[in-house]
Amino acid sequence: MTSPSSADPAARPLRADAERSVRTILEAAERVLSANPAASMEQVAEAAGVARTTIHRRFATRQALMDAMADAAVAQLRAVVDEGRPETAPPLVALHEITANVLRTKISWRFALDLPAAPGSPAAQGQRDVARRCLELFGRARDLGLLAARTDLEWARRVYYALIGEALHGDDAGTDPDVLAGRVVDTLLHGLAPRR
């Protein structure tokens with residue numbers, strides 16, 4: 001009996017050089033498609049410095065490439081959430097660090113993170129995991145009095161996501177992510193009313 005990895009070449013882990021090649025292609029695709037969403041696979045190959053056949057060998061279709069981009073971008077989001085230690089760091093520290101890291105990731109993967117995640121895909125699963133951890137962090141913040149006891153955590157999460165989205169647009173879009181994170185967290189926790 002063969003194992004899944006020996007029976008299915010796509011299930012086998014990539015060699016380090018192949019993994020670097022895929023990463024180079026995904027990063028090039030992000031740059032090219034951010035500038036021109038209608039760009040061809042050939043243009044992506046040229047930007048990645050690889051032959052068109054290399055892209056087609058890794059990604060059978062344009063949709064497969066975009067799905068891989070979304071998966072990679074959400075994997076990066078999950079990693080930066082981990083770095084913020086939402087389960088163990090003080091909630092305010094974790095919230096600021098995660099917000100700054102998420103802003104940096106969204107700047108790097110702007111096109112890929114705007115793609116709809118296919119149901120059941122790693123990107124969709126990753127988005128659910130990030131949302132769950134956000135709710136848990138907000139629950140810790142509420143327990144410590146950083147959020148009002150009556151706070152609807154799902155609504156707070158949606159507002160938080162909207163604030164992050166707004167931080168990436170407008171005249172201050174090029175502002176340092178740590179500064180933007182401070183604005184997002186301050187607005188989330190204190191709103192626009194004067195502090196008492």
Side-chain angles (χ1 to χ4, degrees), residues 13-14 16 18-50 54-56 58-86 94-134 137 157-185 188:
L14 295 174
E19 194 172 309
R20 278 191 302 276
S21 173
V22 167
R23 182 75 179 182
T24 298
I25 291 167
L26 295 177
E27 289 171 353
E30 174 63 34
R31 289 190 310 274
V32 170
L33 294 171
S34 288
N36 176 13
S40 67
M41 297 277 273
E42 200 167 306
Q43 289 170 300
V44 171
E46 185 178 325
V50 299
T54 301
I55 287 194
H56 286 292
R58 297 282 178 218
F59 309 103
T61 64
R62 179 184 174 82
Q63 187 59 52
L65 172 63
M66 292 198 296
D67 289 345
M69 290 171 66
D71 292 348
V74 173
Q76 179 75 33
L77 271 183
R78 290 176 86 173
V80 300
V81 168
D82 285 344
E83 289 170 15
R85 300 175 299 119
L95 186 57
H96 179 86
E97 185 171 342
I98 289 168
T99 303
N101 289 343
V102 165
L103 286 165
R104 286 184 189 94
T105 302
K106 284 185 166 280
I107 289 165
S108 298
W109 291 99
R110 195 176 298 261
F111 179 85
L113 288 171
D114 280 345
L115 294 169
S121 68
Q125 294 168 0
Q127 288 171 347
R128 283 192 300 275
D129 181 58
V130 168
R132 176 189 57 78
R133 294 177 78 190
C134 180
L137 176 58
R157 182 195 66 78
R158 289 168 54 197
V159 169
Y160 173 64
Y161 279 26
L163 289 169
I164 288 174
E166 286 303 312
L168 297 170
H169 302 292
D171 293 341
D172 57 357
T175 303
D176 180 86
D178 282 309
V179 173
L180 290 175
R183 290 180 191 168
V184 166
V185 172
L188 178 72

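In this chain, residues are counted from 1 in sequence order.
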Distance under 6.0 Å and angle within 45° of ring axis: Arg62 vs Phe59: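 Judged by the rule, Arg62 and Phe59 form no cation-pi pair.
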Not counting sequence neighbours, which residues clear salt bridge (charged side-chain N to carboxylate O under 4.0 Å, His left out) with [X]? List them please.
X     : answer
Asp82 : Arg133
Glu97 : none
Glu83 : none

Ignoring hydrogens, what is the shortest heavy-atom contact between [X] and [Y]? Give both atom names and the distance.
X      : Y      : value
Pro177 : Leu103 : O-CD1, 3.7 Å
Gln127 : Ala117 : OE1-CB, 3.6 Å
Phe111 : Leu33  : CD1-O, 3.5 Å
Ala100 : Ala181 : N-CB, 3.5 Å
Leu26  : Trp109 : O-CZ3, 3.9 Å
Gly84  : Ile98  : CA-CG1, 3.7 Å

Who passes side-chain hydrogen bond (donor to acceptor under 3.5 Å, both in side chains) against [X], sequence neighbours left out?
X      : answer
Arg183 : Asp172
Ser34  : Glu30
Thr54  : none
Arg78  : Asp129

Side-chain atoms of residues 67-77: list all donor-acceptor pairs with protein atoms under 3.5 Å, sequence neighbours left out, distances to 0.1 Å.
from, atom 1, to, atom 2, distance (Å)
Asp67, OD1, Gln63, NE2, 2.8
Asp71, OD1, Ala123, N, 3.0

SB check Glu19 Arg23 (cutoff 4.0 Å):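 Arg23 and Glu19: not salt-bridged.
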Full working for side chain to side chain contact (heavy atoms under 4.5 Å, CB included) between Leu188 and Thr99: CA-CA 11 Å; Leu188 178 72; Thr99 303; over 6 Å; no
Audit row: Arg132, Arg128, side chain to side chain contact (heavy atoms under 4.5 Å, CB included) steps and yes/no: CA-CA 6 Å; Arg132 176 189 57 78; Arg128 283 192 300 275; over 6 Å; no
Does [X] have any side chain to side chain contact (heavy atoms under 4.5 Å, CB included) partners at least two apart in sequence or in another chain, and if so, which?
X      : answer
Ala162 : none
Ala35  : none
Glu42  : Ser40, Arg52

Selection residues 103-113 - residue pairs positive for salt bridge (Lys or Arg N to Asp or Glu O under 4.0 Å), sequence neighbours left out: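 For residues 103-113: Arg104-Asp178.
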Rounded distance [0.5 Å steps], CG in Leu168 versus CG in Leu113: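 Reported to 0.5 Å precision, the distance equals 10.0 Å.
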Distance (rounded to the nearest 0.5 Å) between Ile55 CD1 and Thr24 OG1: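 Nearest 0.5 Å value for the CD1-OG1 distance: 10.5 Å.
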